[in-house]
J.: 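Pasting a structure below so you can have a look.
All heavy atoms count here, side chains included; hydrogens, waters and symmetry mates do not. Within every chain, numbering begins at 1; the chains are lettered A, B, ... in the order of the sequence lines, protein sequences first and strands thereafter.
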Number of protein chains: 2
Amino acid sequence: MTGNSRFAVSVHVLAYLAYKMGGQVTSAEIAASVDTNPVVIRRLLSALTKARLVSAHKGVGGGFGLSSAPANITLLDIYRAVEPQPDHGLERFTPNHKCPVGARIETILRTAFFKAQTSMESELARISLEDVHQQLKPVCPGKH
Amino acid sequence: MTGNSRFAVSVHVLAYLAYKMGGQVTSAEIAASVDTNPVVIRRLLSALTKARLVSAHKGVGGGFGLSSAPANITLLDIYRAVEPQPDHGLERFTPNHKCPVGARIETILRTAFFKAQTSMESELARISLEDVHQQLKPVCPGKH
DNA sequence: GGTCTATGTAACCATAGTTGTTACTTTATC
DNA sequence: GATAAAGTAACAACTATGGTTACATAGACC
């Protein structure tokens, strides 16, 4: 049970909004699809709203909706909206700088982690919410 | 303070062994370089030993040493030795399968995470412990 | 205006992961 | 046999996460 499920849930939430095609959707309805508490959903949607990926409306008939077309939202946008900058453990990594290795290893690791992270993020950037939306539809090209 | 520092510390540990060039190094000496407890180091080295990246020797004059040349050990080898398979939160992600979105999103996410993870790992595979070792040496080509 | 509905958010709890630490066993060397 | 080192279990402190309750805020509708 490593890591958190914020990103996974967030993609689910936005995929649900895409699936609903522009109508206002309440946190309660989304929570039923994710099988969790509405507050958990609203917490995530709060971050997604700040990132301008969704818009929120209070009151009767209110709810959440996508701010942009699914084709214009990438998984990287979602990832960055809900995940803090990963530090790959460097925050608790405080080697002894009196040792030649300890003095230099941090910089080396930082460079390596940056490359790995950049590579992963560029892969997320290649997948749009529209791609996810398309995959939600059953694929039955030869249905008769 | 997200995540753990196992990978970062493990790279430090192996870089230290590479720096020591083949001699037996005790967990106490490594712990001094990392600035932590020897047991923490031995825990990591236990995983690294199981992955056959290092060999251990008990008793007087014992300690740890690299099993292969630094050029033959990649950061991906180290990563896989000390990190569990990342699930990106999918373990705690149990959507409602009665919902059309909830029923399909898991597979879609699994595919996306696999691509991102593979991309990151291929970047780690491109960096060897020898590369790290080289970067440990001060670069003063024009020193006079 | 008043009521209803929905978001926004703070506060708290249970659970689990991580690290540091002590203590002990096992094993190799001398 | 004494010593030194790895191997590992057990425990404590700290933190992150997700679920929950409670309440404040704001819009819709009568």
Side-chain angles (χ1 to χ4, degrees), chain A residues 1-10 12-13 17 23-32 34-51 53-65 67 82-96, chain B residues 1-10 12-13 17 23-32 34-51 53-65 67 82-96:
Chain A
M1 214 177 279
T2 298
N4 64 65
S5 61
R6 278 196 298 268
F7 180 47
V9 173
S10 296
H12 181 155
V13 167
L17 294 183
Q24 291 289 296
V25 185
T26 68
S27 59
E29 179 177 344
I30 302 171
V34 177
D35 191 26
T36 185
N37 193 293
V39 174
V40 173
I41 299 299
R42 290 206 294 273
R43 271 205 288 243
L44 284 174
L45 280 164
S46 174
L48 294 167
T49 301
K50 277 165 191 151
L53 298 180
V54 306
S55 55
H57 293 284
K58 293 182 177 179
V60 178
F64 299 88
S67 290
V82 299
E83 291 290 345
Q85 277 287 110
D87 72 318
H88 302 280
L90 283 179
E91 190 162 338
R92 351 184 165 184
F93 181 65
T94 53
N96 181 354
Chain B
M1 216 175 278
T2 297
N4 64 65
S5 61
R6 277 197 299 269
F7 180 47
V9 173
S10 296
H12 181 155
V13 167
L17 294 183
Q24 291 289 296
V25 185
T26 68
S27 59
E29 179 177 344
I30 302 171
V34 176
D35 192 27
T36 184
N37 193 293
V39 175
V40 173
I41 299 300
R42 290 205 293 274
R43 271 204 289 245
L44 284 174
L45 280 164
S46 174
L48 294 167
T49 301
K50 277 165 191 152
L53 298 180
V54 306
S55 55
H57 293 284
K58 293 182 176 178
V60 179
F64 300 87
S67 290
V82 299
E83 291 289 345
Q85 277 287 110
D87 71 318
H88 302 280
L90 284 178
E91 192 163 337
R92 349 185 167 185
F93 181 65
T94 54
N96 182 355

J.: Take the protein atom CD1 of Ile41(A) and the nucleotide atom C1' of dG8(C), then report the distance between them rounded to whole Å.
T.: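 One finds 15 Å between C1' of dG8(C) and CD1 of Ile41(A), rounded.
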J.: Figure out the CG/C1' separation between Asp87(A) and dA16(D), and round it to whole Å.
T.: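 Going from Asp87(A) (CG) to dA16(D) (C1'), I get 13 Å.
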J.: Tell me the interatomic distance from Glu91(A), atom CD, to dT18(C), atom P, rounded to whole angstroms.
T.: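 Glu91(A) atom CD is separated from dT18(C) atom P by 15 Å.
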J.: Nearest whole Å is fine: how far is dA6(C) C1' from Ile30(A) CD1?
T.: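 Taking CD1 of Ile30(A) and C1' of dA6(C), I get 12 Å after rounding.
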J.: Taking CZ from Arg92(A) and C1' from dA13(D), how many angstroms apart are they, rounded to a whole number?
T.: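 Result: 12 Å.
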J.: Give a yes/no on whether any side-chain N or O of Asn4(A) is located under 4.0 angstrom from OP1 or OP2 of dT17(D).
T.: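 Yes.
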J.: Go through the N and O atoms of the side chain of Arg6(A) and the base of dG18(D), and report whether any donor-acceptor pair is under 3.5 Å.
T.: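 Answer is no: no donor-acceptor pair is held.
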J.: Figure out the CD/C1' separation between Glu29(A) and dT5(C), and round it to whole Å.
T.: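 These atoms are roughly 15 Å apart.
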J.: Are any of Ser46(B)'s side-chain N or O atoms less than 4.0 Å away from OP1 or OP2 of dG7(D)?
T.: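 The answer is no; no side-chain N or O of Ser46(B) sits under 4.0 Å from OP1 or OP2.
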J.: Show each protein N/O and nucleotides 21-26 of chain D N/O combination with a separation under 3.5 Å, one pair to a line.
T.:
from    : atom 1 : to       : atom 2 : distance (Å)
dA26(D) : O4'    : Lys58(A) : NZ     : 3.4

J.: Taking OP1 and OP2 of dT19(C), is either one under 4.0 Å from a side-chain nitrogen or oxygen of Ser5(B)?
T.: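 Yes, such a contact exists.
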J.: With sequence neighbours left out, what residues match Gln24(A) under side chain to side chain contact (heavy atoms under 4.5 Å, CB included)?
T.: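 Only His57(A) meet the side chain to side chain contact (heavy atoms under 4.5 Å, CB included) criterion with Gln24(A).
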J.: Donor-acceptor pair, distance only, cut-off 3.5 Å: does the side chain of Arg6(A) make one with the backbone of Gly89(B)?
T.: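 Side chain of Arg6(A) to backbone of Gly89(B): no pair is present.
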J.: Report the residue (His57(B) or Ala28(A)) whose heavy-atom-nearest nucleotide on DNA chain C is the more 5′ of the two.
T.: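 Looking at DNA chain C, the more 5' nearest nucleotide goes with Ala28(A).
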J.: Return the set of residues passing side chain to side chain contact (heavy atoms under 4.5 Å, CB included) with Ala56(B) (not counting sequence neighbours), or none when no residue passes.
T.: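 Counting only residues at least two positions away or on another chain, Ala56(B) forms a side chain to side chain contact (heavy atoms under 4.5 Å, CB included) with Thr49(B), Phe64(B).
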J.: What residues, two or more places apart in sequence or in another chain, satisfy side chain to side chain contact (heavy atoms under 4.5 Å, CB included) together with Val40(B)?
T.: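 Side chain to side chain contact (heavy atoms under 4.5 Å, CB included) list for Val40(B), sorted by chain: Thr36(B), Asn37(B), Arg43(B).
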J.: Is Ser27(B) near enough to dA5(D) that one of its side-chain N or O atoms lies under 4.0 angstrom from OP1 or OP2?
T.: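 Ser27(B) to dA5(D) OP1/OP2: no side-chain N or O under 4.0 Å.
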J.: Figure out the CD/C1' separation between Gln24(A) and dC29(D), and round it to whole Å.
T.: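 Going from CD in Gln24(A) over to C1' in dC29(D) covers 17 Å.
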J.: What integer distance in Å separates Leu44(B):CG from dA6(D):C1'?
T.: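 Taking atom C1' of dA6(D) as the reference, CG of Leu44(B) is at 14 Å.
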J.: With sequence neighbours left out, what residues match Phe93(A) under ring-ring contact (aromatic ring centres under 6.0 Å, His included)?
T.: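 Here the qualifying residues are His12(B).
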J.: Taking the nucleotide of DNA chain D with the closest heavy atom to each, which residue, Arg43(A) or Val60(A), is nearer the 5' end?
T.: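 Comparing both residues, the 5'-ward one is Arg43(A).
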J.: Check side chain to side chain contact (heavy atoms under 4.5 Å, CB included) between Ser5(B) and all other residues, then give those that pass, not counting sequence neighbours.
T.: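 Testing Ser5(B) for side chain to side chain contact (heavy atoms under 4.5 Å, CB included), a comparison that skips the adjacent residues, returns Val9(B).
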J.: If you take all heavy atoms of Ser10(A) and Val82(A), which pair is closest and at what distance?
T.: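 Shortest heavy-atom contact: OG-CG1, 3.3 Å.
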